[in-house]
Visitor: 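Below are the structure tokens for one structure; questions will follow.
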Amino acid sequence: MAAPQLRTGAELHALVERLYPICRSITGDGVRQTLDIIGEHIPLERHEVPTGTAVLDWTIPQEWNIRDAYVATPSGERVIDFQELNLHVVGYSVPVRQRMSLSELREHLHTLPDQPSWVPYRTSYYAPAWGFCLAQEKLDTLPDGDYDVVIDSTLADGSLTYGEHVVPGRVTDEVIVSCHVCHPSLANDNLAGIAVAISLAQQLVDPYYTYRFLFMPGTIGSITWLARNASRIEKVRHGLVLACAGDPGPLTYKKSRRDDAEIDRVMQHVLRSREHRVVDFSPYGYDERQFCSPGFNLGVGSLTRTPYAGYPEYHTSADNPGFVSPAAMEDTLGALRDAFGVLDRNRRYVNLSPYGEPQLGKRGLYDSLGGRSDAKQAQMAMLWVLNLSDGSHSLLDIAERAGLPFDIVDVAARALHDAGLVKE
Amino acid sequence: MAAPQLRTGAELHALVERLYPICRSITGDGVRQTLDIIGEHIPLERHEVPTGTAVLDWTIPQEWNIRDAYVATPSGERVIDFQELNLHVVGYSVPVRQRMSLSELREHLHTLPDQPSWVPYRTSYYAPAWGFCLAQEKLDTLPDGDYDVVIDSTLADGSLTYGEHVVPGRVTDEVIVSCHVCHPSLANDNLAGIAVAISLAQQLVDPYYTYRFLFMPGTIGSITWLARNASRIEKVRHGLVLACAGDPGPLTYKKSRRDDAEIDRVMQHVLRSREHRVVDFSPYGYDERQFCSPGFNLGVGSLTRTPYAGYPEYHTSADNPGFVSPAAMEDTLGALRDAFGVLDRNRRYVNLSPYGEPQLGKRGLYDSLGGRSDAKQAQMAMLWVLNLSDGSHSLLDIAERAGLPFDIVDVAARALHDAGLVKE
Amino acid sequence: MAAPQLRTGAELHALVERLYPICRSITGDGVRQTLDIIGEHIPLERHEVPTGTAVLDWTIPQEWNIRDAYVATPSGERVIDFQELNLHVVGYSVPVRQRMSLSELREHLHTLPDQPSWVPYRTSYYAPAWGFCLAQEKLDTLPDGDYDVVIDSTLADGSLTYGEHVVPGRVTDEVIVSCHVCHPSLANDNLAGIAVAISLAQQLVDPYYTYRFLFMPGTIGSITWLARNASRIEKVRHGLVLACAGDPGPLTYKKSRRDDAEIDRVMQHVLRSREHRVVDFSPYGYDERQFCSPGFNLGVGSLTRTPYAGYPEYHTSADNPGFVSPAAMEDTLGALRDAFGVLDRNRRYVNLSPYGEPQLGKRGLYDSLGGRSDAKQAQMAMLWVLNLSDGSHSLLDIAERAGLPFDIVDVAARALHDAGLVKE
């Protein structure tokens, strides 16, 4: 049976809605269920890395799984209920089963007083703790008294799970696209990114580069991948961290630490025709933090719409499927397709006839009737490619220098290549 | 008998008018007649390169000569007449002698519907063809019927002709000034350039560099020169392609492909005091295309007034002697004299007393009465030359850094040189 | 007895007033008296360099001392009197004792016609001459007739005097602060600078660099110091020439000849929070001319308020203690303290865990409760230091790149250093 294809904004949004209820964390069955669903669309190589494995400066933590959690009145009325919204439990909470007074419980409750109807998202990955998140306005209604507090979770040796999908290219040099899959019921962060990445992977046909899509928990996932792929990293020529792909804001490209890596140039080139912002690298945000740590310093940028922590709904229950739109996800997908379309064809050619202009006319590459002032764009593109193909200018360099569309420059280069005037 | 000197705008313009009627092309007697007239003003070394000679990627074409051409009614009335204006014949037209209907003839007629009273200029150098150019309003008056079509031209083995004039300098490093001489009755493009170049050559006295003036057909001429001067090219330190030197527009300097060659810096420096534009290099225009092809990549820019194809009269009968003015040619000539004046004196000196300031007073180079706040420009120039003459700054660098006129910096450097404080 | 401390603007101003009456020149007892007073505040190593000593391209001149000078009527009324204001005598005037007519005398009189009530400051160091300076309005009252002209000065072999104060640092690399001490009764130029430098020296406690304060006559003093310290110069990492430290204008930083020396970056960084101007290097002004001569090319900038010759009172009797204010000197001092505070801590660290982010949480360096969007500045500073500490970025580079205060970046780097994550 053919894998279902994600093509339209509506199809992307439907996947977001399907993934939304799953309780993901940096380890555990929520990630596995998510990878199962991704795997229905694109082949996925799954990895399980055991608890305790050393990965760079870190160690794979115990695996966390949760079955139920609630705060209930003595009469059994659940006033905070994980089943209703998985954000209600602080991620990685240790198990609890205890009756306590509201004032004791309060130390474990997190709200957003400024957004009293929203439930915050909180985790405590690397320090044993437990807690509940709830709306401030809900908390305000809780009467004093005792409550039954239950978190039916497990923290135990297990593994960290991530998945890879590879689209083989004509060369083994790689482009990586990385999405974090560790957030529970948060739509923009990062179910929209997952959906867009799947669609992008499905649409890559016979690319030049080998494209590797990484679906991994944030931070520890990318650190694990980097630790386990030391020999592959030198093959990674370009990359993007994709997140927040569906909110109403304009596209935002965050440059790599290198600041002028080829992906930085390509993204800025294709975004010029869309509403967008470009921001400098900073060592905060998503997994570009790891890919761009100084030891690796990869040419990996980050594409989002509104960036990390830049919208009020960020890390709250308001980041739900209603917050992401089919149109926004289509726009993100379109920009990525354009960008990889340029990146994948961005060659450097060398003019084999660099002394004077070669005679284009005798090769059928040029109008024979001289004296006309309206040199056509295609001919200008040929002249630019010949003039700048000295080994140091890529087609993108040439397109930007010439003020010509990349596609026309690419076509001109191929024509010159076919005529034997340039070589790759 | 002394050669006639071109000094005033009126003298420049008179030469344009004298050269205007000649039917030039990339080969043939029109070029030879033009070089004869140039040679009346400055000594010219003539070169004849035989048809069939391989020059870089090109081959010297057959030589084209034309004696007469017309379209006439059966009664012998010439409705299109080469004798009246040589633009009426498409350049390099193969011979024709035929009676044909107007509708057959129309495929060979070129007009400018948007400028119905102007005759376009067309050529077909590298594909055998023939044609006539005429005003649209003339074409509109031609009745249907048969016409006698005659082009009494010859395409035969011969040679390509070009001329060189050299002003020897104190060093063998060269500055080239290149003018195309292949256009028939077009005044701005490039008779004005030829006239200005002659005047400039006449006014160079005992220069530092060796100046080489090249009067050659466009494209094939510069390619021929480059092919035949492989060993000289490494002597070419700077150069200018000069064209469109007389139209009413402001001066336009087009930078070399290097973008910051010394000629680029010099031209921008001297143009600052005139109305002007500076444009980036592009591989389109005049023979800078060849000099700046990536294999040569010479420091050759291009000076025009309105640039290539940038005015409606371009490549039409409206580019006649009335389109170019004595004042505009004088202005072009003045800018060139200023520029070569700077270029020719733009040395790099080395401060022989670089530790602390040398004591200028004891050498008579400085006011002895201290405490005054009005340091004179000449003294400032000496301090700047001493401070920046570390081998990496030219006098132009120093003038621009100091915000001082080049002449004052040059005088200061010579004074320091005479005092033994700097060496070249 | 403890040396008197200069801390407040009032204390700085009192020192200016005390130094004001002394008649200083490039040599002589006025400099010695000035160094005596400086030496009451900070230990000073004194140097006497004999007349005739060759220093770079210069020679130590004869020593000039003056006891009295006046122009008097035959009846003995002093109409111009050195005792009243030492600016009345042209510095380095040869001795004179002569009766002459006013018209003969006029050739030796200097006034400021545009500022008729001010007395100009003039010198004639390197050519034997004599003269008087006076207010134009005073000159206008002098009746014709004969005058007794007396300059009781001595020009004789002696020595040039300068002083050094060193604050030893943890390293022998040096920062120099240079003040000229050769001007007679001029307050801003440079008594204010001397006072600020003393205060700065007193407040340096256990610095990283070794700080060397130089109190020397202008030009010949710095040339002498450079000539006598050839082996020390390679230890000079940074420096400042301090002058005009008390006038009402905003702070002005003049960059070193290097243009981006570390001192240039530091000064611009700390001045951003104050009203200020930054100007490019020029080989004119104070002793930065010598330190930045091309052979030395030291990283030495210049801090003034209104720069050299930039105010009407410059080199006139109007540059008196009333022209400089306690508040302005405090502001200059504050900027210098800030600057040396940054310079002294501006290290380059190397991240010892450059592959991925090190786990800050397990080292107690990071909040353990994830999911919060309000990353604190201190944590951001740690991430930035880790990300950019690749050996090529200093803490100042990091602070500017991150948009964080230098102090916070410095604290973060020390915390990471203590945790063993970075090394110096």
Side-chain angles (χ1 to χ4, degrees), chain A residues 25-26 55-59 61 87 90-92 110 112 120-129 131 133 182-184 186 189 218-220 222-227 230 233 257 259 280-285 287-297 308-316, chain C residues 348-395 397-405 408-409 412-413 415-417 419-424:
Chain A
S25 186
I26 54 174
V55 284
L56 302 179
D57 187 60
W58 301 59
T59 305
L87 299 181
V90 168
Y92 254 64
H110 304 278
L112 293 169
Y121 164 54
R122 292 282 181 274
T123 64
S124 181
Y125 292 138
Y126 299 103
C133 299
C182 54
H183 283 31
L186 296 166
D189 181 15
T219 305
I220 186 69
S222 53
I223 283 169
T224 300
W225 188 86
L226 286 162
I233 285 163
R257 181 181 183 274
D259 197 60
D280 286 337
F281 177 76
S282 71
Y284 202 62
D287 282 334
E288 66 274 13
R289 295 164 65 155
Q290 310 308 327
F291 297 117
C292 296
S293 56
F296 296 118
N297 197 28
Y308 181 86
Y311 44 97
E313 296 84 355
Y314 174 81
H315 277 198
T316 76
Chain C
R348 273 178 169 69
Y349 291 91
V350 175
N351 182 343
L352 296 170
S353 185
Y355 295 98
E357 289 173 11
Q359 196 176 357
L360 299 178
K362 72 183 181 191
R363 295 175 174 90
L365 294 169
Y366 206 66
D367 261 16
S368 63
L369 189 68
R372 290 170 40 172
S373 61
D374 58 336
K376 293 187 234 96
Q377 241 184 359
Q379 291 177 2
M380 283 306 298
M382 275 191 271
L383 294 174
W384 275 108
V385 171
L386 286 167
N387 193 269
L388 293 181
S389 287
D390 51 9
S392 72
H393 294 91
S394 70
L395 294 185
D397 294 330
I398 296 170
E400 298 213 325
R401 176 72 180 77
L404 291 170
I408 287 176
V409 171
L416 292 168
H417 187 264
L421 287 170
V422 299
K423 69 170 180 180
E424 215 175 309

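Proteins come first, then strands; the chains are lettered A, B, ... in the order of their sequence lines, and each starts at number 1.
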Visitor: C:Glu357 side chain to A:Gln290 main-chain N or O, any donor-acceptor pair under 3.5 Å?
Guide: no
Visitor: The criterion is salt bridge (charged side-chain N to carboxylate O under 4.0 Å, His left out); which residues satisfy it with C:Lys362, sequence neighbours excluded?
Guide: A:Asp57
Visitor: Of all heavy-atom pairs between C:Pro358 and A:Trp58, which one has the smallest distance, and what is that distance?
Guide: C-NE1, 3.8 Å
Visitor: With a 4.5 angstrom heavy-atom cut-off, could you sort out which part of A:Tyr92 is near chain C: side chain, backbone, both or neither?
Guide: neither
Visitor: Using the rule given for side-chain contact (heavy atoms from CB on, under 4.5 Å), can you reason through C:Leu383 versus A:Arg289, listing the C-alpha separation, both sets of side-chain angles and the distance that settles it, and then say yes or no?
Guide: CA-CA 9 Å; C:Leu383 294 174; A:Arg289 295 164 65 155; 3.7 Å; yes
Visitor: Is it the backbone or the side chain of C:Leu388 that comes under 4.5 Å from a heavy atom of chain A, or both, or neither?
Guide: both
Visitor: Please look at A:Leu56 and chain C and tell me whether the side chain, the backbone, both or neither of the residue comes under 4.5 angstrom of a heavy atom of that chain.
Guide: side chain
Visitor: Against chain A, label C:Asp390 side chain, backbone, both or neither, depending on which of its atoms sit under 4.5 Å from a heavy atom there.
Guide: side chain
Visitor: Between A:Phe281 and C:Arg401, which heavy-atom pair has the shortest distance, and what is it?
Guide: O-NH2, 2.7 Å
Visitor: What distance separates C:Gln359 CD from A:Thr219 OG1, expressed to the nearest 0.5 Å?
Guide: 10.0 Å
Visitor: What are the two closest non-hydrogen atoms of A:Ser293 and C:Tyr355, and how far apart are they?
Guide: OG-C, 3.8 Å
Visitor: Non-hydrogen atoms of chain C under 4.5 Å away: do they reach the side chain of A:Asn297, the backbone, both or neither?
Guide: neither
